[in-house]
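Quick notes on the structure that follows.
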Protein chains: 2
Amino acid sequence: MARPKTYDREEAIRNACEAFWEHGYQALGVRELETLTGLSKTAIRSEFGGKEGLYLEALALYSDAAISSVLAPLKEGGMSQIIDFLEGLVDQGSITSSPWGCLVVNTGIENARIQSDKLHAATQSYWDALESHFAQALDNACARHEIAPDTDTAALAKGLVTAVMGVHAKNRSARAQTGGHALVALMVTYLDSLRTV
Amino acid sequence: MARPKTYDREEAIRNACEAFWEHGYQALGVRELETLTGLSKTAIRSEFGGKEGLYLEALALYSDAAISSVLAPLKEGGMSQIIDFLEGLVDQGSITSSPWGCLVVNTGIENARIQSDKLHAATQSYWDALESHFAQALDNACARHEIAPDTDTAALAKGLVTAVMGVHAKNRSARAQTGGHALVALMVTYLDSLRTV
DNA sequence: ATTATATCAATACAAGTGTATTTTTATTGC
DNA sequence: GCAATAAAAATACACTTGTATTGATATAAT
């Protein structure tokens, strides 16, 4: 039998996710990554396919975690769930609010040059998931007569996604997890105005 | 008398601005910067203070150009000028719309780690300028009875700035200068709804 | 023409990059 | 205890990074 691994795979990916989230991809070297994740250079290479492979795993974890937790309520939810999600982006206690912004937003901006197909696919699928969850919740709201039946839910969902990106960008720029609160308040006001009284 | 410079200073900074805008700061090496700007390594170092110095010049140019051109109409303007500005962010013909997003947004996200005081000051002052221009136009709109007198113009201005960041982030992520159109449409709808009929 | 000056071009440099390779170490079945 | 296995640690490697230095070059006043 072989020497046992000294790391827990999932915990290592979680650590990598946080590390990339905070520092960005390019600015984080493999050697520093070792200490932050508890992985050895050897493990990073053989187990994850090097720095980029680990980054993709981190992105996948981030994405899956968001979809299965904070996005889940939108599937059966309506206007209040959308508002809850938005407010979570700038709430101290929420896991979706962070002074580091959002790993997917950061990736989309920092790595626009690379144009790695895998990277683009990963970020794109995340935004698609967010958009379709918004659209679903809005359609639910329509069906439940929370908002007008002729509301353009598809366009509204797209706009919401971009607003979310703005909140994250602001949070990171301001190094404050409540940085984007003004836009959240504005969007909530707008969504409330759509409600059929 | 000495050998004349082979470059035009302003043109070089313009080129540097475009280069950093497209490729980002970290991903752009000095050697590639030479060919893109027409500057020699020697000039980059002695005339601009190296790569970071040139970056700061590029940021200043970007910021000054925006303030003196596209932000200027907001000073005396009202709701229509705000809407014009927003629509310019995703209009093919506009200089504020770009598949590369916005240099200041990109800087705020990519260089969150560095925390260079100069860098932070440069980006912060840009967002402050945008916010105060929005606030001014909104106050004008109040004074002209375009919107309700009790409108919280300060909060609204803050929200608009974050929305602008979102549009730019989306434009860059989508590599399309119209990427953020849905949020622009949404914000315009909202602003229109504030108008006193 | 000579000289002074400031630029450009080429080279050099130390440090850091991600990756590859080698050596050591920890484990289990025999 | 011994061999087999696979991971960790250490080292090495080729490459790039931003910067520094050196030598050639183009101007204009003398």
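Lettering follows sequence order; numbering is per chain, from 1.
- In the 5' to 3' direction, nucleotides of DNA chain D lying under 4.0 Å from heavy atoms of chain B begin and end at dT17(D) to dA28(D).
- For the atom pair CD1 of Ile109(A) and SG of Cys102(A), the computed distance is 10.0 Å after rounding to the nearest 0.5 Å.
- For Asp117(B), the CG atom is loosely surrounded, since the number of other residues' heavy atoms within 6.0 Å does not exceed 12.
- By the 4.5 Å heavy-atom criterion applied to side chains, Val164(B) and Phe134(B) are counted as neighbours.
- Applying the salt bridge (Lys or Arg N to Asp or Glu O under 4.0 Å) criterion to Arg9(B), with sequence neighbours excluded, gives Glu47(B), Glu57(B).
- Looking at heavy atoms from C-beta onward, Ile13(A) lies in side-chain contact with Phe48(A) at the 4.5 angstrom threshold.
- Note that the two end axes of the helix from dA1(C)-dT30(D) to dC30(C)-dG1(D) enclose an angle of 10°, each drawn from 5 base pairs, rounded to 10 degrees.
- The ring pair (Phe, Tyr, Trp, His ring centres under 6.0 Å) check on Tyr62(A) picks up Trp21(A), with sequence neighbours excluded.
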Which side-chain N or O atoms in residues 36-43 of chain A pair as donor and acceptor under 3.5 Å with protein atoms at least two apart or in another chain?
| unit_1 | atom_1 | unit_2 | atom_2 | d |
| --- | --- | --- | --- | --- |
| Thr37(A) | OG1 | Leu33(A) | O | 2.7 |
| Thr37(A) | OG1 | Leu39(A) | N | 3.1 |
| Ser40(A) | OG | Ala43(A) | N | 3.0 |
| Lys41(A) | NZ | Glu34(A) | OE2 | 3.3 |

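- Under the 3.5 Å distance criterion, with hydrogens and angles disregarded, a donor-acceptor pair is assigned to the side chains of Tyr55(A) and Thr107(A).
- Heavy atoms of other residues, nucleotides or ligands lying less than 6.0 angstrom from CD of Gln26(B) number more than 12.
- Under the rule for a side chain to side chain donor-acceptor pair (under 3.5 Å), Gln81(A) has no partner lying at least two apart in sequence or in another chain.
- Proximity of residues 30-54 of chain A to DNA chain D (heavy atom under 4.0 angstrom from any strand atom) is restricted to Arg31(A), Ser40(A), Lys41(A), Thr42(A), Ala43(A).
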Pair up each side-chain donor or acceptor in residues 85-101 of chain A with any protein partner under 3.5 Å, not counting sequence neighbours, and list the distances.
| unit_1 | atom_1 | unit_2 | atom_2 | d |
| --- | --- | --- | --- | --- |
| Gln92(A) | OE1 | Gln177(A) | NE2 | 2.8 |
| Ser94(A) | OG | Gly88(A) | O | 2.8 |
| Ser94(A) | OG | Thr96(A) | N | 3.0 |
| Ser94(A) | OG | Thr96(A) | OG1 | 2.7 |
| Thr96(A) | OG1 | Gly88(A) | O | 3.2 |
| Ser97(A) | OG | Asp91(A) | O | 2.5 |
| Ser97(A) | OG | Ser94(A) | O | 3.3 |
| Ser97(A) | OG | Gln177(A) | OE1 | 2.8 |
| Ser98(A) | OG | Trp100(A) | N | 2.9 |

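- Here the straight-line distance linking atom CG of Leu160(B) with atom CG of Leu183(A) works out to 8.5 Å at 0.5 Å rounding.
- For Asp192(A), the salt bridge (Lys or Arg N to Asp or Glu O under 4.0 Å) partners are Arg195(A), not counting sequence neighbours.
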Identify all pairs in which a protein N or O lies below 3.5 Å from an N or O of nucleotides 23-25 of chain C, and state each distance.
| unit_1 | atom_1 | unit_2 | atom_2 | d |
| --- | --- | --- | --- | --- |
| dT25(C) | O2 | Arg3(A) | NH1 | 3.1 |

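- The aromatic rings of Tyr190(B) and Tyr190(A) sit perpendicular, their planes meeting at an angle over 60°, well past the 30° parallel limit.
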Only distances under 3.5 Å count here; give the side-chain donor-acceptor pairs of residues 136-144 of chain B to other protein atoms, sequence neighbours excluded, each with its distance to 0.1 Å.
| unit_1 | atom_1 | unit_2 | atom_2 | d |
| --- | --- | --- | --- | --- |
| Gln136(B) | NE2 | Asn140(B) | OD1 | 2.9 |
| Asp139(B) | OD1 | Thr153(B) | OG1 | 2.9 |
| Asn140(B) | ND2 | Lys75(B) | O | 2.9 |
| Asn140(B) | ND2 | Gly77(B) | O | 2.9 |
| Asn140(B) | ND2 | Gln136(B) | O | 3.3 |
| Arg144(B) | NH1 | Glu76(B) | O | 3.3 |
| Arg144(B) | NH2 | Glu76(B) | O | 2.4 |

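- Here dG18(C) presents its C1' atom at 16 Å from OH of Tyr55(A), a figure rounded to the nearest Å.
- Of the residues in residues 5-27 of chain A, not one comes within less than 4.0 Å of DNA chain C through any heavy atom.
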